[in-house]
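Values below: every heavy atom of this structure, side chains too, minus hydrogens, waters and symmetry copies. Below, chain A is the first sequence line, B the second, and so on; all start at residue 1.
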Amino acid sequence: MTETTTAGASAEAARGPTAGPGTTTITMTVNATTRHLELEPRTTLAEALRDALDLTGTKLACDRGACAACTVWLNGRPVCSCMMLAIDADGQAVTTIEGLAQGEALHPVQEAFIEHDALQCGFCTPGMVMSSAALLERNPQPDAEAVRDALAGHYCRCGTYPHVVAAVLAAAERK
Amino acid sequence: MSGTRTETFPAGIVETGLGTVTREIPASEPPPWPPNAELTWIGRPVPRLNGRAKVTGATRYTVDVRLPGMLYACFLRSPLPSAELRRLDTAAAAALAGVRAILPLAQPGDRLRYAGQPVVAVAGVSPRAAAEALAAIDAEFRPLPFVVDMDEARAPDAPAVHDAASAPQGHPSGFPAAPGLPLEGNVRGPAVVRRGDPAQGLAAAAVVVEGEYRTQVHTHACLEPHAVVADWRAEGLTVYISTQFTAGVRQELATAFGLPLSRVRVVVDGMGGGFGSKSQLGVYGRVAVQLSRAAGAPVRLAFDRQEEQTDAGNRPGTFQRLSLGATQDGTLTALAIESFGTAGVAVGAGIGFFAERLYSCANFETRQHDVFVNAGPGCAMRGPGNTPGAFALEQAIDTLSERLQLDPLALRDRIDPSAVRREERRIGAERIGWSRRHPPGADDGPVKRGIGVAQSLWMSNVQTNVACEVRILRDGSVEALSSVQDIGTGIGTIMAQVVAEVLGLRPADVTIRIGDTEFPPGGPSYGSRTTASITPPLRTAATRALAQLTREAARMLNAAPDEIEACGGRLQVRADPSRFLAFRDAAALLRTDRVSAVESRLDDYAGFRRRMPDAAMAHEDLGGVQFAAVAVDTETGAIRVERVVAVHDCGRPMNKLLLESQVEGGVLMGVSYALLERRIMDRRTGLMVNADLEHYKLAGIHDTPEIETVILENLQGNSATDAYGIAEPANIATAPAIANAVYNAIGVRLTALPMTPDAVLAALGRSGRS
Ligand code: FES
Ligand code: FES
């Protein structure tokens, strides 16, 4: 399963219960750049990334934690960005699909997704790639079952799952 | 360019024995291509060229489009399945600071026919401003009697969903339903297709099989919701829309708003799934344009998941009653089907032409009815009609084979006239291990395994209103242009392969410009017709563009143009390849910055079997055969699909990798349809209970069987590329193959979809086998 974290409990305690309903300043490191955002506390992390930062690679398909299309990394761990508030990411590091490649060099998972055609319409792909890359950080040599477990929360309506498994295994070889 | 010439084409299944066919073709057509093995790029597993943009998040989908000053729109929708709009007051909403336009779609006194039907649209400066405006609208709905269950809707005293004036009329093409059929209560029809005399055929039969089958309502559940950004300006209208048919939407917009086509532009870059549901402009598309015109600003309208599940189309549910008669040797003497289906408030819930065309049977009749219920409108979905039709007929055929004590494959060998499917059955049987198939319930222990087979049938469709352009630029770069959209099939990559094959370049050397009506009209990406429609004119256009370059090169190489060939990035003298020019050096000889050729789709060389405006059908025998191996846990009722072997044909296969993806996608949608998905309507409230992705279950990665795909190269000499489609055939056979495998596992037939654990346990209980 994709790990869903309701992170930031300690940050919340430190800030106290006074934010909102107007905007408040949220500082996040997004793809290694520090960003200061003025957001209403009700803004989700997905909305902050897509609307405030124009990082539209993060996709919303259900907006309710059921499909994992919106997966990003929070401090290196995959989370559903539709299921947490941006304010709970205050002071933390977020990596999105736009931040995965090193300049021109794609992440091995991205390369393998292209080679194995692990995408069709591609709408679920950013989320799949983020979870797959996080898996390889945790477990550099997963077997097929470990790949399936890591991606069990992701929906793909086009049916790319077989090619996704092949791609992640190939990326693990390459890494 | 007039006149014809005679050419001999390779024809037949390359893998098992190739013959030839001679065709008289227009003189302007390029020469026949040999089988794929002798070509450089066609058929090869070329990775999709827009893959990099997709894996880096760079692709812009419609939901990602942001224009300066863009407003956000949403709908107030009917909260009730059937209601009269009593009062509608939008003054308070209009007075809110962030509101820019309000558009009522119903007037007091109007009747609303399903929960989720749009009532008012608003546009505001932010999504929240629009949502707050909705909350400020004062609308009163008077509840009216309703019915959401198809069986209840058929009762004579059921509340009427439509009257004669409001009932949708169907289409002259008969798709999704014929016009002019009688309406009685909520039942419209029957649409009758008949040949011979089924009653006599049944009377003459040695064996008669009767059965009743049900299929559920299935939603498209595209991950990218229906979405549009409309930008109305004095100089013209631009619409970004998640669509399967840019050129068609442009035509609809021009008609709806009285604009010249030249002032309407439709654009789609990334497109996050359609499966039939994004074929038209739709109410939402029209409303976005109206709001943009009213507000004088671009307007974005995107569905949320609940809207997507309730008002974005669905595959209609069906009830089918079959009678099948056969002689002792399996020859079919009669096939009669009565069907009732529901597309909610819309029509088009029939069972297609699957039964009509698949097997030889002299005495045949279908009587197909639409039943209206108070639910969101259905629409075409991946193999419409034939998919539910296959679930019923292919199980009935399986039952017949058992009654006749014939192997299901042997029975099909007798009654299926298609030589291609015969070969597909042979290959598939070998791959799945058919010879190891055992009688139902043979396994010890609670988990029973079984193998089943089912067949697919679809049309080889062609859009005739299709053109594309190929440009060669003076620096040696190349472009291919068409308004065709990539809905996930990778058509742009296939286009690049075609152009590269002709010009002797690599696919990556070809810049693909698609998804924009500024380019020549591409066809729709529905009906499995994109590749069949666009690749032949593209090849011809590339050939003609090359000819202009060849003329220059020939002069330079002191050769005649017809002595020059393009290959390996060069233009060279065929008889003496040491005399060559690099492609870019040849391009540098051009007198102008670019040369170009535009070509449109000609008729198939063998003609078409049926013509429609802008489209045609080459034949109705695009098929495939699928085998499924399942494990059924008789204690929990859980069905696990362990393996699927999918053997398909689509004329000349253009890209093995992309084809495999599409077949796997079709199979997985079939697995999901067979085991998991179902729209659940609450009879008491008339609302959809599972209008989300949490309780509406899609197949996930753990539900995925091992899928083996075999694609035959089935050449027919029908066009410059000889390519046809695959998306729908790949979906049609899966659910019945699984159902037949389940029967083979447990000896109990599941006649309703989805085959959930509770349905399995109930069926086992009824049969006394549990
Ligand atoms: S969009 Fe976040 S889980 Fe579906
Ligand atoms: S590729 Fe289309 S949803 Fe996964």
Side-chain angles (χ1 to χ4, degrees), chain A residues 40 42 47 50-51 54-67 69 96-101 106-107 109-130 145 147-165, chain B residues 45 47-48 50-61 63-66 126-128 220-225 270-275 304-305 308 486-490 657-658 660-662 664-669 671-672 692-696 698-707:
Chain A
E40 290 180 25
R42 61 181 172 174
E47 290 169 335
R50 288 180 49 81
D51 300 335
D54 200 29
L55 293 170
T56 55
T58 298
K59 295 294 182 256
L60 284 171
C62 73
D63 207 14
R64 290 295 182 279
C67 74
T96 72
I97 189 72
E98 291 90 346
L100 195 62
L106 295 180
H107 187 282
V109 165
Q110 291 172 309
E111 278 180 0
F113 263 59
I114 299 172
E115 269 167 41
H116 291 263
D117 205 41
L119 57 136
Q120 292 183 42
C121 80
F123 203 76
C124 69
T125 306
M128 290 264 201
V129 167
M130 294 308 287
E145 194 57 14
V147 175
R148 285 192 283 266
D149 286 345
L151 294 168
H154 288 259
Y155 273 150
C156 173
R157 190 46 152 171
C158 299
T160 56
Y161 306 123
H163 282 182
V164 167
V165 175
Chain B
R48 59 184 80 215
N50 55 2
R52 188 185 176 100
K54 287 189 176 176
V55 300
T56 55
T59 301
R60 286 269 166 174
Y61 294 78
V63 291
D64 303 327
V65 171
R66 305 276 186 269
S126 68
R128 294 214 157 94
H220 298 73
C222 314
L223 283 207
E224 183 191 27
M271 199 284 191
F275 313 108
D304 67 19
R305 188 50 51 183
E308 196 62 24
D486 181 356
I487 66 168
T489 63
L657 186 62
L658 300 181
E660 193 178 272
S661 284
Q662 279 215 57
E664 289 174 355
V667 167
L668 278 164
M669 197 173 266
V671 169
S672 206
D692 53 41
L693 288 182
E694 193 181 354
H695 302 99
Y696 187 93
L698 301 180
I701 204 162
H702 277 307
D703 304 303
T704 302
E706 184 193 325
I707 302 171

*B:R52, part contacting chain A, at a heavy-atom distance under 4.5 Å*: both
*Examine whether an atom of B:L668 lies under 4.5 Å from a heavy atom of chain A, and if so say whether it belongs to the side chain, the backbone or both; otherwise answer neither.*
side chain
*Which atoms of B:V63 approach chain A - backbone, side chain, both or neither, heavy atom under 4.5 Å*: both
_Winner by heavy-atom pair count (cut-off under 4.5 Å) against chain B, out of A:G57, A:P126, A:A118, A:P162_ = A:P162
*Sort A:E98 into side chain, backbone, both or neither according to what part of it lies under 4.5 angstrom from a heavy atom of chain B.*
both
*Is A:R64 atom CZ crowded by more than 12 heavy atoms from other residues, nucleotides or ligands, each under 6.0 Å away?*
no
*Could you tell me which portion of B:D64 (side chain, backbone, both or neither) has an atom closer than 4.5 angstrom to a non-hydrogen atom of chain A?*
both
*With only heavy atoms counted, which part of B:T59 is less than 4.5 Å from chain A, the side chain, the backbone, both or neither?*
backbone
*Sort B:I487 into side chain, backbone, both or neither according to what part of it lies under 4.5 angstrom from a heavy atom of chain A.*
backbone
*Between A:V147, A:L119, A:T125, which has the largest tally of heavy atom pairs under 4.5 Å with chain B?*
A:L119
*With sequence neighbours excluded, what pairs up with A:E47 under the side chain to side chain contact (heavy atoms under 4.5 Å, CB included) test?*
A:T43, A:T44, A:D51, B:R128
*So what's closer than 4.5 Å to chain A heavy atoms on B:R66: side chain, backbone, both or neither?*
side chain
*Distance only, no hydrogens: is a donor on one side chain within 3.5 Å (strictly under) of an acceptor on the other, for A:H163 and A:Q120?*
no
*Apply side chain to side chain contact (heavy atoms under 4.5 Å, CB included) to A:M128 and A:C156, showing your working.*
CA-CA 9 Å; A:M128 290 264 201; A:C156 173; 3.6 Å; yes
*Quick one: what part of A:D117 sits under 4.5 Å from any heavy atom of chain B, side chain, backbone, both or neither?*
both
*Taking the side chain as every heavy atom from C-beta outward, state whether A:C158 and B:F275 have any pair of such atoms under 4.5 Å apart.*
yes
*For A:V109, which residues count as a side chain to side chain contact (heavy atoms under 4.5 Å, CB included) partner, sequence neighbours excluded?*
A:H107, A:F113, A:V129, A:S132, A:A133, A:L136, A:A171
*4.5 Å side-chain heavy-atom contact, B:H702 and A:E145*: yes
*Region of B:T489 that comes under 4.5 Å of a non-hydrogen atom in chain A*: neither
